[in-house]
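Per chain, numbering begins at 1; letters A, B, ... match sequence-line order.
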Amino acid sequence: MPYQPGKIEPKWQQHWEQNKTFKVEIDPNKPKYYALDMFPYPSGQGLHVGHPEGYTATDIVSRYKRMKGFNVLHAMGWDAFGLPAEQYAIQTGTHPAVTTQVNVDNFRRQIKALGFSYDWDREINTTDPKYYRWTQWIFLQIFGAGLAYEHDAPVNWCPELRTVLSNEEVIDGKSERGGYPVVRKPMRQWMLKITAYAEKLLEDLEGLDWPVSVKEMQKHWIGRSIGAEVHFEVWGKPDLSFVVFTTRPDTLFGATYAVLAPEHPLVEQIASEDQWQAVVAYKEACAAKSDLDRTDLAKKKTGVFTGSYAKNPVTGENLPIWIADYVLMGYGTGAIMAVPGHDQRDWEFAKAFGLPIKNIIAGADVTAAAHTEDGELCNSGFLNGLKVEPAKEKIIAWLEAQGKGKRSINYKLRDWLFSRQRYWGEPFPLLHKEDGQVLPMDPKDLPLTPPLTENFLPSPTGESPLANLPEWINVTLPDGQPAKRSSNTMPQWAGSCWYYLRFTDPQNDQAAWSKEAEKYWMPVDLYIGGAEHAVLHLLYSRFWHKVLYEQGHVSTKEPFQKLVNQGMILGENGEKMSKSRGNVINPDDIVKEYGADSLRLYEMFMGPLEKSKPWSTSGLEGINRFLNRFWRLYLDDQDQILTTLTEAPASTEIERLYHETVKKVTEDLEALRFNTAISQLMIMVNELTGQQERNQAMLQGLVLLLSPFAPHLAEELWSRLGGTRTLAYEPWPDFDPSKLKQDQVTIPVQVLGKHRDNLTIPLGASEAQVMELARQSEKIQKQLEGRTLVKVIYVPDRILNLILK
RNA sequence: GCCUGGAUGGCGGAAUAGGUAGACGCAAGGGACUUAAAAUCCCUUAUCCGUAAGGGUGUGCGGGUUCAAAUCCCGCUCCAGGUACCA
């Protein structure tokens, strides 16, 4: 009987499920290992071949670590709040909970068909009140720490999605989901003070084993810059002043004008009568612009003079104050001192409006462009002759002494806009009293569940669907006072901010997790998922984790010790897989036709985990052939263990290859090099296929080596070989270094760096011995003819290179 | 523009304390088995010249260091991802 994955795979999946093979408990006698997948949003489309790539990788590591004696936490869950179920509800009236349940069931079925070694007793679902009860509890901890506040300001409003979005969710002025335009709209919204953690979020990146690109992205997003704040007085209005932030305080003598953001509160106070109309018109024009207009179309600088002047604190000169939208209210102080000679943006603005450009770096030419490099200062009073860095120090000291400024650090990171105008999300556990006071709910009363409704449509004005349900919104406090619930809900990120903690203690109904479980399992040792979460999810959860750490709820500063981004699996034509391109591969079809083991192995064999690579059905068939060959090493056509499996020892060559294979596969697994580990297994199988007799013990070892990759096939062969229980906890094979030694080695001989012949030499042979052998080679003799040997380079047991003249 | 990766046969990819480039797989070609096909097994396969023996050329491009460079250094080109008036 040939290898029939359709028969053995369901059998072993059932076996694992019934015996709870992968159930884990805290075991202080064993070292722990926590392997985590980025849990999926269970969409209606079902699983994509991209999902199993990361899941297979963590599963292989989990299975390997178990065999290495680790107590492995590996679990799966559902990030199930989110837009699609809600959009579907709007269209059909089906409650999102119903849609979610159907999708979750489908995802679970698909994932289970792939044979992952999850502890299914730990399955979680962010939309389960038993789960989001604790999401709400964490929010109360954040609220209690004063890190949540309501803010009345322009926010990113997406009319198409009818919700606000965080800065991180707006990409190029469009929504991250769907790519719809985003505009600014003033609204009162909950904000989380992630900026209070900017420094820690930046600092603690250092100790993490993460891809450089992700660390860089987070660094850029946090965007720390060091400079100074400088105070400017408004001429003729001594009670009015403003503060600018600059990274180049050394250029203060070169400032020729100042610019305020159009939204700056001072603008209305300083706009002169004759400029008033122009200022108001400009402000209105800016307010109407979308984010996209402000960035993309802003190649040309625009702005308006306010009619007022500021006093340069160091020269006493008059500087005209302008407003321009190249100065953003959201960054720094919303005001700048313009130094057109040494800042390209200021230079362009000065050129556009005929403002003076002053050079303060000796020898610099500022007629064609701003000079932004280092140099010696000139025209700068007491800073003359200094280089940029010392000049910064000196001017900051001067400003501080004069009370006209101070050293300052600024971050690009903004506070996290945390509310959404949605139905399908965690309600805020807060009550708003009529006097404006906000009361947190008593944690004992959680979860706060959303009301049942059939109208899921948010109003176009930005009110959430919950606002239509007065019987839910309006409550009476114990003292008889009326209060209102918040009609907004939390963003989808809330649930995924802490799910890795819940996995450590998923059934706990007394706490979000027990200290004991958290202390034993955390941090996550290996976290694998897509690169699209580089800033969003990974920054948000690091922030929550740090808050929880400071409150003593968790024991580690960082949640995810090692992070790996799996690459994308492209369609067979090399393009991104999508329905419209018609190149989508459905894992269900692959499992049906070739089996889960083939799919798992193929996805790992395609190339390095981190790289994007195109799907190839014939490549998958090649892997399937390999598994068939593997099967036939053990079983004959009648499905019997081959009689050629013997107790007799294998030849030394075969034995050496086996030990090499154990070594290579082990090392490759530690380094997540699954593709080369599989190659080595293929080499071993190819070699054994040619053998008449095979040593049974060795073949048992080989089954164990294959088992993390193709667990169903391995379990089946293991039991056929006499195993009475799962191989999941069998010790991982060891290799014997003494078996790897060869007494002879073949080395290349080069003449003038060109490969001319190979020599088989005794291991550790001396240069003289090797030269002697080389002289016996006909090919080398031919090379030596008529030439003189000038130099011999011999790297023991590696290479011989002869230099001739 | 800036930041981070990357570029190796017809294809996916191996090989980096510098030391036989192309492991393994796919595709292609040839052969065995078969009435035939599928499946399986064996062989060939970087490229050019040559019947062969053998030789030349080759890791995006141009230089350099070295006995020896896919690997190190300098200067480019192109591709992917991220980011974008952040003062």
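Within the 4.0 angstrom heavy-atom criterion, no nucleotide atom of any strand lies near Lys782(A). Nucleic acid contact for Gly223(A): none, since no nucleic acid atom lies under 4.0 Å from a heavy atom of the residue. Residue contacts for Asn675(A): at a heavy-atom cut-off of 4.0 Å it reaches the sugar-phosphate backbone alone, with no base atom in range. Heavy atoms of Gln750(A) sit under 4.0 angstrom from at least one base atom. Counting any heavy atom pair closer than 4.0 Å across all strands shown, His220(A) reaches sugar-phosphate atoms only and no base atom. At a threshold of 4.0 angstrom between heavy atoms, the contacts of Ile793(A) include nucleobase atoms, whether or not backbone atoms are also involved. Among the protein residues, Pro211(A) comes within range of no part of the nucleic acid, since none of its heavy atoms lies under 4.0 Å from any strand. Nucleic acid contact for Ser225(A): sugar-phosphate only, since backbone atoms but no base atoms lie under 4.0 Å from a heavy atom of the residue. Residue Ile683(A) is in sugar-phosphate contact alone, with no base atom involved, counting any heavy-atom pair closer than 4.0 Å across all strands shown.
Atom CD in Glu621(A) sits about 11 Å away from atom P in A28(B), given to the nearest Å. Computed from coordinates, the Gln691(A) CD to C41(B) C1' distance equals 15 Å when rounded to whole Å. Protein atom CH2 of Trp210(A) is 22 Å distant from nucleotide atom P of G81(B), rounded to whole Å. Between Trp322(A) atom CH2 and C85(B) atom C1' there is a gap of 17 Å when expressed in whole angstrom units. The interatomic distance linking Ile799(A) (CD1) with C67(B) (C1') rounds to 10 Å, in whole Å.
Distances shorter than 4.0 Å separate some side-chain N or O of Arg629(A) from OP1 or OP2 on C41(B). Under 4.0 angstrom from either OP1 or OP2 of U57(B) there lies at least one side-chain N or O belonging to Lys754(A). Residue Lys611(A) places at least one side-chain N or O closer than 4.0 Å to OP1 or OP2 of G13(B). Proximity of Asn686(A) to the phosphate of G25(B): a side-chain N or O atom is located under 4.0 Å from OP1 or OP2. For U20(B), neither phosphate oxygen OP1 nor OP2 lies less than 4.0 angstrom from any side-chain nitrogen or oxygen of Arg798(A). Contact annotation: Arg625(A) reaches the phosphate of A27(B) (side-chain N/O to OP1 or OP2, under 4.0 Å). The side chain of Ser679(A) places no N or O atom within less than 4.0 Å of a non-bridging phosphate oxygen (OP1 or OP2) of G25(B). The phosphate of U20(B) has neither OP1 nor OP2 within less than 4.0 Å of any side-chain N or O from Arg756(A).
Here the straight-line distance linking atom CG of Asp757(A) with atom NZ of Lys782(A) works out to 11.5 Å at 0.5 Å rounding.
G29(B) and A38(B): their P atoms are spaced 12 Å apart (whole Å). Comparing the C1' positions of U47(B) and G9(B) gives a spacing of 9 Å, expressed to the nearest Å. A gap of 11 Å separates the C1' atoms of A7(B) and A70(B), to the nearest Å. One P atom belongs to G10(B), the other to U45(B), and the distance between them is 15 Å to the nearest Å. Separation of the C1' atoms belonging to A27(B) and A17(B) is 37 Å when rounded to the nearest angstrom. On the C1' atoms, G18(B) is 36 Å away from G1(B), given to the nearest whole Å. Comparing the C1' positions of C73(B) and U66(B) gives an interatomic distance of 12 Å, to the nearest angstrom.
Residue order along RNA chain B, read from the 5' end via each residue's closest nucleotide, puts Lys664(A) first among Gln783(A) and Lys664(A). Take the nearest nucleotide of RNA chain B for Gly334(A) and for Lys613(A): the residue whose nucleotide is more 5' is Lys613(A).
Cation-pi geometry between Lys301(A) and Tyr326(A) is met: under 6.0 angstrom from the ring centre, within 45 degrees of the axis.
Syn is the classification of G9(B), since its glycosidic angle stays within 90° of 0.
Remark: the backbone N or O of Pro356(A) is paired with a side-chain donor or acceptor of Thr256(A) at under 3.5 angstrom.
For Arg632(A), taking side-chain heavy atoms from C-beta onward, the closest of the listed nucleotides A87(B), G5(B), U40(B) is U40(B). Counting only heavy atoms from C-beta on, Met682(A) has its side chain closest to G25(B) among G25(B), A15(B), C26(B). With distances taken from any side-chain atom of Ile803(A) to the nucleotides A87(B), A15(B), C67(B), the minimum falls on C67(B). The side chain of Ile336(A) has A87(B) as its nearest neighbour among A87(B), A21(B), C24(B).
For Tyr658(A), the ring pair (Phe, Tyr, Trp, His ring centres under 6.0 Å) criterion is met by no residue, not counting sequence neighbours.
Side-chain N/O atoms of Lys219(A) and base N/O atoms of C3(B) include no donor-acceptor pair closer than 3.5 Å.
In this pair, Phe242(A) and Phe232(A) present their aromatic rings parallel. The plane angle is below 30°, not in the 30 to 60° band. Aromatic ring pairs are classed by plane angle as parallel below 30°, tilted from 30° to 60° and perpendicular above 60°; the pair His342(A) and His371(A) is perpendicular.
Nucleotide C72(B): paired with G64(B) (Watson-Crick or G-U wobble, both distances less than 3.5 Å). The partner of A28(B) is U44(B), judged by Watson-Crick or G-U wobble contacts that both fall below 3.5 Å. Across the strands present, G22(B) finds no partner; the criterion is a Watson-Crick or G-U wobble pair with both atom distances under 3.5 angstrom. Pairing partner, G58(B): none, since no Watson-Crick or wobble contact has both distances short of 3.5 Å. Pairing for A36(B) is absent, with no Watson-Crick or G-U wobble pair whose two atom distances lie under 3.5 Å. In this entry G81(B) has C3(B) as its Watson-Crick or G-U wobble partner, both defining distances falling under 3.5 Å.
Every pair passing salt bridge (Lys or Arg N to Asp or Glu O under 4.0 Å) that includes a residue from residues 661-673 of chain A is listed here, sequence neighbours excluded: Lys65(A)-Glu670(A), Lys663(A)-Glu667(A), Lys664(A)-Asp668(A), Asp668(A)-Arg673(A).
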How far apart are the C-alpha atoms of Thr746(A) and Asn758(A), what are their side-chain angles, what is the distance that settles it, and do they pass the side chain to side chain donor-acceptor pair (under 3.5 Å) test?
CA-CA 6 Å; Thr746(A) 301; Asn758(A) 290 327; over 6 Å; no
